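The sequence lines fix the lettering, A, B, ..., with proteins before strands; numbering per chain opens at 1. Nothing here was measured: the structure is a model prediction, and the numbers come from that model.
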There are 2 protein chains.
Amino acid sequence: MEDRNTVLGKALAILRAFGPADSVLPLAELVRRTDLPKGTVHRVAGDLVHHRLLDKTAHGYQLSGGLFELGLRAATERTLLELAMPFLQDLYERTHETVHLGVREGHEVVYIAKIGGHRQAKAPSRTGGRMPMHCTAIGKVLLAHAGEDEQTAVLTGPLERRTPHTVIAPGLLRRQLSKAVETGVAYEREESTPGLLCVAAPVLKPDGHTVVAAISVTGPVGRFRPESHETAVRAAATALGSTLARRGR
Amino acid sequence: MEDRNTVLGKALAILRAFGPADSVLPLAELVRRTDLPKGTVHRVAGDLVHHRLLDKTAHGYQLSGGLFELGLRAATERTLLELAMPFLQDLYERTHETVHLGVREGHEVVYIAKIGGHRQAKAPSRTGGRMPMHCTAIGKVLLAHAGEDEQTAVLTGPLERRTPHTVIAPGLLRRQLSKAVETGVAYEREESTPGLLCVAAPVLKPDGHTVVAAISVTGPVGRFRPESHETAVRAAATALGSTLARRGR
DNA sequence: GAAGAGCGTACCGCTGAGTGGAACGCCGAC
DNA sequence: GTCGGCGTTCCACTCAGCGGTACGCTCTTC
């Protein structure tokens, strides 16, 4: 996958060396992470700066605004985001809790949008970020409606235990998935992060089987009762679904 | 700027060949836009697919989710977005009109966020998209607080007339800018798009001079009175400013 | 204040990754 | 049946890319 001996491979190795949490990385750190020769990293990084994918600061390199712009041209995620926004807003306004929009990418969830207010629960999710499928409400919903093969692939793969509540028993998980298909929502109760609860509903194509995305509401243990938002989340998701169906696709 | 004879240059020429409105582009179209040899485009595009920056569909290529993810790792825009979100939400809830967050990039505005409901005014702005500075409220605010040299550079440059209301007289524009500095807000009245009004306020660093970004509220002629949202926008912007100051940077 | 460790930068001759012209097969249009 | 446009494949040439080496700088460390 990661070709070490093409320019593009090197360039992407450098860009991908930036983790979700990193802002600036010095040259030496890039060398360490990519383990490419120093000279090479220096040159390629220079080229990337030239092309506005990296910025060079006093303390190192950082991913540039040019990359941000480019990323938001990605057609599918962008149109999804734009069409979904009004529904996400409604949902936020009704619940005043953190609202997520996510899609499946490989065996993980990628968040397309995350909106919340000042008192939002401190979740590890970030827009553009990834999370495992088995321990998030959005992930479960997406998995529940994914193909059979896809489902077993995830269930038989290693299921990371994120918290004491993470469900890592394939059998139990599978039962949760089929219940999610029945009821139209999935829950997460402190399975990815202690203190967090979550409800999610699928955004389906008109055929009623293919999932496009999922919407969720997240809140902290204590004041937050996920069950009470079940209908709101489901309503938002189905409404978005029919909007997507109407507008081209 | 665009090196035709390095792999990276070619790769970026291909990626940037996708305009804000394009979703899928066939190979032939990419060849036309980049005017690179057909064989080359084919190969490089293939490599880009391999690296998850492009997707290959039946009808051509399209920017992939991998690019979306990568773009949202860009540190400055992302942290700005995350910290701003609660304030943008507040503002939306108060006004129920389209809310923008934008920064200056070269001589244009780049929108970091755009949120709105179902009845939002149909604006040409898009998240990650660009607009000229002289005919948008956010642009004016950003320009008003930019360096003197930057300001004159834009004012003396060609000022595109987008609508009959677009202000293209440098003198008048300059007066609007200094008024924006005084009052802390700038207006746009159908200067970029017929039927749209807008108020914007600057997000300043604690020194009170350097602009980081700007926040705006947009609505349609008729029901929307921008003046009545002036204080709300200003409040959101200054609140975000102090939050940015508090949290690292 | 000398020695050393770690960093960013600059140089430069070798070589294979990248190049792109040419040719092919496949539609759909006329 | 013919033609124009498209996507794909092939292949011999060559220059873009390579990366080991060396330099100068700024901090620590003793």
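Rounded to an integer number of Å, the gap from A:Leu30 CG to C:dG6 C1' is 15 Å. Nucleotide C:dG18 holds its P atom 11 Å from the NE2 atom of B:His50, rounded to whole Å. Separating the CG atom of B:Asn5 from the C1' atom of D:dG17 is a distance of 12 Å, rounded to the nearest angstrom. A straight line from CD1 of B:Ile14 to C1' of C:dT19 spans 13 Å, rounded to a whole angstrom. Between the OH atom of B:Tyr61 and the P atom of D:dC6 there is a distance of 14 Å, given to the nearest Å. Summarising the geometry, the separation between CG on A:Asp35 and C1' on D:dC18 is reported as 16 Å, rounded to the nearest angstrom. Going from atom NE2 of A:His59 over to atom C1' of D:dC27 covers 15 Å, rounded to whole Å. Remark: P of D:dA16 and CG of B:Leu36 are 15 Å apart, rounded to the nearest angstrom.
With A:Ile14 as the partner, the side-chain contact (heavy atoms from CB on, under 4.5 Å) test is satisfied by one option alone out of A:Asp47, A:Leu25, A:Leu30: A:Leu30.
Between A:Lys10 and D:dA16 there is no side-chain N or O to OP1 or OP2 distance below 4.0 Å. Remark: B:Arg32 is not in phosphate contact with D:dG5, judged by side-chain N or O atoms under 4.0 Å from OP1 or OP2. Proximity of A:Arg43 to the phosphate of D:dC18: a side-chain N or O atom is located under 4.0 Å from OP1 or OP2. Contact check, B:His42 against D:dG7: no side-chain N or O comes under 4.0 Å of OP1 or OP2. Under 4.0 angstrom from either OP1 or OP2 of D:dG19 there lies at least one side-chain N or O belonging to A:Thr40.
Considering only the side chain of B:Pro26, D:dG7 comes nearest among C:dA17, C:dT9, D:dG7. In the set D:dC18, C:dT9, D:dG7, D:dG7 carries the atom at the smallest distance from any side-chain atom of B:Leu27.
Note on A:Thr6: only backbone sugar-phosphate atoms sit closer than 4.0 angstrom, heavy atoms only; bases stay farther off.
Side-chain N/O atoms of B:Thr210 and B:His145 include no donor and acceptor closer than 3.5 Å. With no hydrogens or angles considered, a side-chain donor-acceptor pair links B:His107 and B:Glu150 at under 3.5 Å.
Not a single donor-acceptor pair, N or O on each side, falls under 3.5 Å between the base of D:dG19 and the side chain of A:Lys38.
Ring planes of A:Phe87 and B:His118: perpendicular class, angle over 60° (limits at 30 and 60°).
Taking the nucleotide of DNA chain C with the nearest heavy atom to each of A:Ala28 and B:Pro37, the more 5' of the two is matched to A:Ala28.
Contact of the A:His134 side chain with the A:Glu160 side chain is registered, since non-hydrogen atoms from C-beta on lie closer than 4.5 Å.
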